[in-house]
There are 2 protein chains.
Amino acid sequence: MTEHAPLKLERFLPYRLSILSNTVSQAIAREYQQEFGLSMTEWRVMAVLARFEPLSAREVAEHTAMDKVAVSRALSRLVDAGRVDRERHDGDRRRSVLRLSEEGWRVHDAVAPRARKHEREMLAQLTTEEIDVLARILDKLAPV
Amino acid sequence: MTEHAPLKLERFLPYRLSILSNTVSQAIAREYQQEFGLSMTEWRVMAVLARFEPLSAREVAEHTAMDKVAVSRALSRLVDAGRVDRERHDGDRRRSVLRLSEEGWRVHDAVAPRARKHEREMLAQLTTEEIDVLARILDKLAPV
DNA sequence: TGCAAATGGTTACAGATGAAACTATAACGA
DNA sequence: TCGTTATAGTTTCATCTGTAACCATTTGCA
């Protein structure tokens, strides 16, 4: 009989990472989805605007590691919802100039603490050594 | 002026995890997608069948952490492609009895080493301590 | 200048995904 | 035994996502 060496999925790192990441992201996403009708992509856009506004759509894409189509769609929803203000760039009329609206800031200020809370709950299960090493691992494997 | 405390997305753990997981998974997925027309979900189904066959669809779902709809769809594609054999369970005619076909095993034996190679390349960037701690972290946060 | 290539952003299409409804079969309890 | 409930699996629908094509504007250069 031939030897097949089946993959042990439950020990396979990329698989486990994907499970963990989906579990965590969905738990957080569910929260701001239900309460604010905000998708994960929309939240990411809001988060980078909160930190770096004003930005163009391309810059948002760079900061969020999303592609420009996803950003464009998230933005049109956010602008429609009155959470983001969009203007045209003076010198370059292709570019947009994006900022959180007052309402956008309100949503941000409500969501951000909950996101942080989820992160804390996750980290609470780890020792400080594990947290340090995890940060190092992420720096190595997924530099931002 | 009010204090807004914007979230530092690029330091936010769930975000970084999701980036890492997507990067890794997509790199692997691209490979078996191009060469075998195999999606990630289909590959996961094949991997658990390789290890635990025969299984019912529900059992596949449990092993892969996929929902039953996703499993059903992946299976119908795999059966159509002749990579999985599906029979009816003798005692319970609702249940299916799933096994890799010969062709399925050929695909599995071609894909599995590449998946492992990707994992090795990823781990090669880490020290043995980091690898150990990562395994511990995953055990704690995403027990399988 | 003026025309090709590059850039910012949107639209269109096709495939993937999740929730809920549905079909068929089996298990359970009066 | 009959009727209710539970389970295995599929289908449907609405939404999401990625790729490619597209439009408008700007840049680069002959």
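Labels below follow one simple rule: chain letters A, B, ... track the order of the sequence lines, proteins then strands, and each chain is numbered from 1.
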Practice problem: Assess whether atom CG of B:Asp90 is packed by more than 12 heavy atoms of other residues, nucleotides or ligands within 6.0 Å. | Solution: no
Quiz item: Touch check for A:Ser39, heavy atoms < 4.0 angstrom, all strands: base, sugar-phosphate only, or nothing?
Solution: nothing
Quiz item: With sugar-phosphate meaning primed atoms plus P, OP1 and OP2, does B:Arg86 contact a base, only sugar-phosphate, or nothing at under 4.0 Å between heavy atoms?
Solution: sugar-phosphate
Quiz item: When the distance from CG of A:Asp92 to P of D:dG28 is rounded to whole Å, what number comes out?
Solution: 12 Å
Practice problem: Answer yes or no: does a side-chain N or O of B:Arg94 lie under 4.0 Å from OP1 or OP2 of D:dT7? | Solution: no
Quiz item: Expressed in angstrom and rounded to an integer, what is the separation of B:Glu87 atom CD from D:dA8 atom C1'?
Solution: 17 Å
Exercise. Ignoring hydrogens and angles, state whether a donor on the side chain of A:Glu10 or B:His63 is under 3.5 Å from an acceptor on the partner side chain.
Key: no
Exercise. Look at all strands and tell whether B:Ser56 reaches a base, only sugar-phosphate, or nothing, counting heavy atoms closer than 4.0 Å.
Key: sugar-phosphate
Quiz item: Between the main-chain N or O of A:Glu103 and the side-chain N or O of A:Arg83, is there a donor-acceptor pair closer than 3.5 Å?
Solution: no
Practice problem: Remember a base hit wins even if backbone is also touched, and classify B:Ser96 as base, sugar-phosphate or nothing at under 4.0 Å, heavy atoms. | Solution: sugar-phosphate
Self-check item: Nearest to side-chain heavy atoms of A:Arg58, which nucleotide of C:dG9, C:dT10, D:dG9
Solution: C:dG9
Quiz item: Quick one: A:Leu78 CG to C:dT10 P, roughly how many Å, whole number?
Solution: 12 Å
Quiz prompt | Whole-Å distance separating the CD atom of B:Glu62 from the C1' atom of D:dG9 | solution = 14 Å
Quiz item: Can you tell me how far CZ of A:Arg30 sits from CD of A:Glu35, rounded to the nearest 0.5 angstrom?
Solution: 13.5 Å
Quiz item: On DNA chain D, nearest-nucleotide positions of A:Gln33 versus A:Arg95: which is more 5'?
Solution: A:Gln33
Practice problem: Ignoring backbone atoms, establish whether B:Ser72 has a side-chain N or O less than 4.0 Å from OP1 or OP2 of D:dG9. | Solution: no
Self-check item: Rounded distance (Å) that lies between atom P of D:dT7 and atom CD of B:Glu59
Solution: 15 Å
Quiz item: Could you state the CG-C1' distance from A:Asn22 to D:dT17, rounded to the nearest angstrom?
Solution: 14 Å
Quiz item: Going by distance alone, is a donor N or O of one side chain under 3.5 Å from an acceptor N or O of the other, for A:Ser18 and B:Arg44?
Solution: yes
Quiz prompt | Rounded distance (Å) that lies between atom P of D:dT10 and atom CE of B:Met66 | solution = 12 Å
Quiz item: Between atom CZ in A:Arg88 and atom P in C:dG9, what is the gap in whole Å?
Solution: 8 Å
Quiz prompt | Nearest-nucleotide 5' precedence on DNA chain D, A:Gly91 against A:Thr41 | solution = A:Thr41
Quiz item: Atom CD in A:Glu119, atom OH in B:Tyr15: separation rounded to 0.5 Å?
Solution: 13.5 Å
Quiz item: Counting only distance, no hydrogens or angles, is the base of C:dT25 paired donor-acceptor with the side chain of B:Arg93 under 3.5 Å?
Solution: no
Exercise. Would you mind building the protein contact string for nucleotides 18-23 of chain C? One character per nucleotide, 5' to 3', B for base within reach (heavy atoms under 4.0 Å), S for sugar-phosphate only, - for untouched.
Key: BBB---
Self-check item: B:Thr64 side chain vs B:Val45 backbone, donor-acceptor pair below 3.5 Å
Solution: no
Quiz item: Distance-only, no hydrogens or angles: does the B:Glu130 side chain make a donor-acceptor pair with backbone N or O of B:Thr127 under 3.5 Å?
Solution: yes
